[in-house]
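To keep things clear, I will list the structure first and then write my remarks on it.
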There are 2 protein chains.
Amino acid sequence: MDDRAATDLAMLVLRAATEVVDGIQEGMAARGYDDLRPAHGFAFARIAAADTTVVDLAEHLGTTKQAASQLVAGLVDRGYVVREPDPRDARARLLRLTEAGEACTRAAEAAAADVVAGWNEVLPRASLGALHAMLRRVVTPGPLRPAW
Amino acid sequence: MDDRAATDLAMLVLRAATEVVDGIQEGMAARGYDDLRPAHGFAFARIAAADTTVVDLAEHLGTTKQAASQLVAGLVDRGYVVREPDPRDARARLLRLTEAGEACTRAAEAAAADVVAGWNEVLPRASLGALHAMLRRVVTPGPLRPAW
DNA sequence: CGGTCTGGTCAAGTTGATTGACCACATGGT
DNA sequence: ACCATGTGGTCAATCAACTTGACCAGACCG
């Protein structure tokens with residue numbers, strides 16, 4: 001694979017990601033969630049894990065803890081997240097998704113599935129599975145954060 | 001492909017894009033370009049095409065023309081772009097990459113190729129070609145703009 | 001206990017983008 | 001030829017997300 005094809009592949013990945021993000025955003029809006037940005041989705045993914053604190057979230061998103069704190073404040077205001085005391089550390093406050101937050105997560109997953117369903121129409125089912133397998137091998141596990 | 005696998009695939013694409021963007025950013029910094037954001041790269045790609053105006057660029061990036069104008073002003077200040085009069089329209093100003101701008105574009109392409117080269121190590125050459133072919137079929141051609 | 005580290009927030013400043021106003025020139029009809 | 005309207009572009013003010021800096025309360029450790 002020469003440089004030309006390599007950069008071309010990189011651009012295809014970026015373009016695919018643009019489609020995924022735009023598609024999710026559209027799908028979310030269609031489902032009534034028009035007050036959330038992609039960054040919120042990445043935050044939801046981390047908060048869904050047990051015992052998440054603001055500092056954990058900041059690290060996950062690659063921002064400062066202040067930025068994470070502000071983002072959480074917004075989610076709390078909108079009823080997607082609650083702050084609960086940490087039984088083991090009186091300083092810390094554990095973040096947890098409310099029922100609304102979980103519903104929102106399900107909507108985002110459905111929207112993402114819709115985008116891939118569109119791909120399924122132009123690509124045989126087996127190829128989509130192969131695509132999945134190849135990406136899993138290529139991609140190093142790591143945080144999924146706003147990238148550009 | 002069920003919903004679970006579909007959303008999983010969508011997340012893999014996002015994660016792959018995160019790697020590409022971060023890798024390019026690192027590679028650019030290593031080559032001495034530490035004053036450019038990913039958005040600038042997308043602008044370069046459009047400006048490289050003949051007869052690009054600020055309005056064209058704004059449409060490509062999905063922003064307002066004012067934002068595009070500011071972005072261009074920054075690139076002009078840093079010597080990557082020049083504004084030239086349009087022989088056919090005295091209002092318009094055609095954008096063109098300087099030699100520095102073209103060198104920068106080459107550096108970005110090299111950095112992107114480096115990222116893909118890393119993938120080549122964990123995936124057989126033929127599979128990488130297949131990945132390329134599948135993405136090309138799946139992805140609808142369109143602007144490559146900052147997405148999240 | 002006192003010193004230091006860590007989780008978290010408040011406050012102010014920075015930056016990229018937006019809305020609104022405006023000018024110079026193009027275009028099309030009369 | 002002229003005026004109405006549309007388009008390319010910039011200036012100015014505002015907005016929103018994020019940053020740096022300061023700070024407090026509680027944990028950890030000698």
Side-chain angles (χ1 to χ4, degrees), chain A residues 18 21-22 25 33-44 46-47 49-78 80-96 143 145-148, chain B residues 18 21-22 25 34-44 46-47 49-78 80-96 143-148:
Chain A
T18 300
V21 172
D22 288 355
Q25 207 63 12
Y33 297 98
D34 57 353
D35 59 345
L36 293 171
R37 288 171 301 119
H40 293 127
F42 302 132
F44 275 46
R46 185 65 181 82
I47 296 174
D51 291 353
T52 302
T53 67
V54 166
V55 175
D56 292 336
L57 185 59
E59 193 170 342
H60 179 77
L61 295 176
T63 68
T64 60
K65 57 182 181 176
Q66 290 90 332
S69 183
Q70 289 175 19
L71 190 145
V72 167
L75 293 178
V76 170
D77 284 347
R78 281 173 255 177
Y80 295 123
V81 172
V82 286
R83 286 184 264 236
E84 298 179 334
D86 185 336
R88 292 186 198 82
D89 187 338
R91 296 169 304 175
R93 311 177 69 174
L94 298 181
L95 304 176
R96 194 171 55 78
R145 59 171 188 274
W148 71 74
Chain B
T18 300
V21 172
D22 288 354
Q25 206 64 12
D34 57 353
D35 60 345
L36 293 171
R37 287 172 300 118
H40 292 127
F42 302 132
F44 275 45
R46 185 64 182 83
I47 297 174
D51 292 353
T52 303
T53 67
V54 166
V55 174
D56 292 336
L57 185 59
E59 193 170 341
H60 179 76
L61 295 176
T63 69
T64 59
K65 57 182 181 175
Q66 291 89 331
S69 184
Q70 289 177 21
L71 190 145
V72 166
L75 293 178
V76 170
D77 284 346
R78 280 173 255 175
Y80 294 123
V81 173
V82 286
R83 286 184 264 236
E84 298 179 333
D86 185 337
R88 292 188 197 79
D89 188 336
R91 295 169 303 174
R93 311 177 69 174
L94 299 180
L95 304 176
R96 194 171 54 78
L144 193 56
R145 58 170 186 274
W148 70 75

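By convention in this document, chain letters (A, B, ...) are assigned in the order of the sequence lines, proteins followed by strands, and residues within each chain are numbered from 1.
- Legend: residues meeting salt bridge (Lys or Arg N to Asp or Glu O under 4.0 Å) with B/Arg96, ordered by chain and number and at least two apart, are B/Glu84.
- For B/Arg91, the salt bridge (Lys or Arg N to Asp or Glu O under 4.0 Å) test picks out B/Asp89, with sequence neighbours left out.
- Nucleotide C/dG16 holds its C1' atom 16 Å from the CG atom of B/Asp35, rounded to whole Å.
- With a heavy-atom cut-off of 4.0 Å to chain B, the contacted part of DNA chain D has its first and last nucleotide at D/dG6 to D/dC11.
- Place B/Thr52 and A/Ala90 on DNA chain D by their nearest nucleotides, and B/Thr52 ends up nearer the 5' end.
- Comparing the local axis fitted to the first five base pairs of the helix from C/dC1-D/dG30 to C/dT30-D/dA1 with the one fitted to its last five gives a bend of 20°, rounded to 10°.
- Near-neighbour residues of DNA chain C inside residues 58-75 of chain A, defined by a heavy atom below 4.0 Å, number-ordered: A/Lys65, A/Gln66, A/Ser69.
- Atom-to-atom, CG of A/Leu57 to P of C/dG8 comes out at 10 Å; the value is rounded to the nearest Å.
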Cut-off 3.5 Å, no hydrogens considered: what does the side-chain donor-acceptor table look like for residues 34-44 of chain A, sequence neighbours left out?
| from | atom 1 | to | atom 2 | distance (Å) |
| --- | --- | --- | --- | --- |
| A/His40 | ND1 | A/Arg37 | N | 2.8 |

Problem - Chi angles and distances behind the side chain to side chain contact (heavy atoms under 4.5 Å, CB included) call for A/Arg83, A/Leu95 - result: CA-CA 5 Å; A/Arg83 286 184 264 236; A/Leu95 304 176; 3.7 Å; yes
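- In this structure, OG1 in A/Thr52 is found 7.0 Å from CD1 in A/Ile47, a value given to the nearest 0.5 Å.
- Residue A/Arg83 is classed as a sugar-phosphate contact, given heavy-atom separations below 4.0 Å to backbone atoms only.
- Taking for each of A/Ala39 and A/Asp89 the nucleotide of DNA chain D with the nearest heavy atom, the 5'-most of the two is the partner of A/Ala39.
- Residues passing the side-chain contact (heavy atoms from CB on, under 4.5 Å) test with B/Ala90, sequence neighbours excluded: none.
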Would you be so kind as to tabulate the donor-acceptor pairs closer than 3.5 Å made by side chains of residues 54-71 of chain B, with sequence neighbours excluded?
| from | atom 1 | to | atom 2 | distance (Å) |
| --- | --- | --- | --- | --- |
| B/Asp56 | OD2 | B/Thr53 | N | 3.1 |
| B/Asp56 | OD2 | B/Thr53 | OG1 | 3.2 |
| B/Thr64 | OG1 | B/Ala67 | N | 3.2 |

Any protein N or O atoms within reach of nucleotides 1-6 of chain C? Criterion: under 3.5 Å, listing atom names and distances.
| from | atom 1 | to | atom 2 | distance (Å) |
| --- | --- | --- | --- | --- |
| C/dT6 | O2 | A/Arg91 | NH1 | 2.4 |

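- Qualifying side chain to side chain donor-acceptor pair (under 3.5 Å) partners for B/Arg93, counting only residues two or more places apart in sequence or in other chains: none.
- The salt bridge (Lys or Arg N to Asp or Glu O under 4.0 Å) search around B/Arg145 returns A/Asp22, not counting sequence neighbours.
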